[in-house]
Amino acid sequence: TLFAGKRYKVEILLSNRKNLKKNEGYCGYCERLDGTRNPRKFRIALDNNLNRQETFETLAHETVHIAQYVTNTMVDRRNNEVIFNDRQYLLDTDDPASYYFSPWEIDAYGRSIGLVVLWRIHSKDKAKKRKKSG
């Protein structure tokens, strides 16, 4: 669903961080680990104090960002400049609206909801199959 039928070899390192929510104001983040034009190595860091629901939502959100990077839908540039869907944006780090209303965040927040719902459906289906076979 994230890569529309294409296959990419992507490496993701998951890590826990203490008190991201409290100290830095967010539940997790994604960062590119390779400096290439077509990144394939990433780290997703999650606040280790998240409950199960927050963990899945944050992981889904950051996974959408990885898909944006891998497909070159989003490209970070210098000085808070971001290219998204071939349009240039300047992120104002002093204005929270600049972040929350940026098209890449709207995309990530929206698609992460769908990913969590699909995960729940898939998990329920697997549990039903285990019950029937067990």
Side-chain angles (χ1 to χ4, degrees):
T1 57
L2 289 177
F3 295 116
K6 294 184 180 182
R7 290 186 176 199
Y8 297 91
K9 185 177 179 179
V10 176
E11 185 178 323
I12 301 172
L13 172 68
L14 289 175
S15 65
N16 288 321
R17 295 289 171 92
K18 291 182 180 180
N19 299 320
L20 277 176
K21 231 163 65 167
K22 187 169 82 176
N23 295 336
E24 298 176 39
Y26 47 88
C27 298
Y29 61 87
C30 153
E31 64 180 324
R32 299 179 324 178
L33 297 178
D34 54 353
T36 64
R37 186 169 181 237
N38 297 304
R40 297 294 184 264
K41 294 181 181 181
F42 301 89
R43 172 183 293 120
I44 293 177
L46 301 173
D47 186 311
N48 63 356
N49 291 314
L50 300 178
N51 64 36
R52 183 179 170 136
Q53 181 68 27
E54 290 171 324
T55 298
F56 286 126
E57 289 171 358
T58 304
L59 186 58
H61 179 94
E62 299 309 330
T63 302
V64 172
H65 285 314
I66 288 175
Q68 292 168 340
Y69 285 125
V70 167
T71 59
N72 287 312
T73 303
M74 180 169 68
V75 178
D76 290 332
R77 308 286 294 265
R78 291 188 176 120
N79 301 322
N80 298 319
E81 181 187 335
V82 177
I83 306 296
F84 185 77
N85 283 336
D86 298 322
R87 290 190 58 199
Q88 180 179 332
Y89 297 87
L90 187 58
L91 188 61
D92 181 354
T93 55
D94 294 327
D95 179 12
S98 178
Y99 166 80
Y100 286 107
F101 290 102
S102 64
W104 57 91
E105 289 301 329
I106 291 170
D107 181 50
Y109 279 106
R111 291 202 291 164
S112 64
I113 293 168
L115 288 172
V116 171
V117 169
L118 287 175
W119 174 82
R120 281 193 193 129
I121 291 168
H122 179 72
S123 296
K124 286 178 183 178
D125 288 347
K126 284 180 79 172
K128 284 180 186 177
K129 287 178 184 176
R130 278 195 303 266
K131 256 187 174 178
K132 282 184 181 180
S133 67

Item checked: Pair I83-Q88, side-chain contact (heavy atoms from CB on, under 4.5 Å): steps then yes or no -> CA-CA 5 Å; I83 306 296; Q88 180 179 332; 3.8 Å; yes
Notebook entry, point to check: Checking side-chain contact (heavy atoms from CB on, under 4.5 Å) for the pair L14/L59: CA distance, chi angles, key distance, verdict?
Noted result: CA-CA 9 Å; L14 289 175; L59 186 58; 3.7 Å; yes
Next item on the list: Evaluate the side-chain contact (heavy atoms from CB on, under 4.5 Å) criterion for residues I44 and I66: first the C-alpha distance (whole Å), next the side-chain angles of each, then the deciding distance (0.1 Å), finally the verdict.
Entry: CA-CA 9 Å; I44 293 177; I66 288 175; 3.6 Å; yes
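With sequence neighbours excluded, the residues that form a side-chain contact (heavy atoms from CB on, under 4.5 Å) with Y109 are H61, Y99, Y100, E105. Partners of R43 according to the salt bridge (Lys or Arg N to Asp or Glu O under 4.0 Å) rule, which considers only residues two or more places apart in sequence or in another chain, are E31.
N51 approaches Q53 most closely through the heavy-atom pair OD1-N, 3.1 Å. Scanning all heavy atoms of the two residues, the minimum distance from T55 to L50 falls at OG1-CB, 3.4 Å. Between E62 and G28, the shortest heavy-atom distance links the atoms OE2-O, 3.4 Å. Nearest heavy atoms, V70 versus R40: O-NH1, 3.4 Å. Contact record, N38 with D34: O-OD2, 4.4 Å, taken as the closest heavy-atom pair. Contact detail for R52 and W119: the closest heavy-atom pair is NH2-CH2, 3.4 Å.
For the pair F42 and H65, the minimum side-chain heavy-atom distance is 4.5 Å or more. The shortest side-chain heavy-atom distance between T73 and W104 does not fall under the 4.5 Å cut-off. Residues S102 and F84 form no side-chain contact, since every pair of their non-hydrogen atoms from C-beta on lies 4.5 Å or further apart. When side chains are defined from C-beta on, R120 does not count as touching F56, because their heavy atoms never get closer than 4.5 Å.
Taking CG from D76 and OH from Y69, the interatomic distance works out to 3.5 Å, rounded to the nearest 0.5 Å. Considering CD of E11 and CG of L33, their distance stands at 8.0 Å, rounded to 0.5 Å. Taking OH from Y89 and CE from M74, the interatomic distance works out to 12.0 Å, rounded to the nearest 0.5 Å. Between L13 atom CG and K41 atom NZ the span is 11.0 Å, to the nearest 0.5 Å.
One N or O on the side chain of D95 and one on the backbone of A97 form a donor-acceptor pair closer than 3.5 Å. Side chain of D47 to main chain of K21: a donor-acceptor pair is present (N/O by atom type, distance under 3.5 Å, no hydrogens or angles).
Hydrophobic cluster membership is shared by L46 and V10, with clusters built from Ile, Leu, Val, Met, Phe, Trp and Tyr side chains linked at under 4.5 angstrom.
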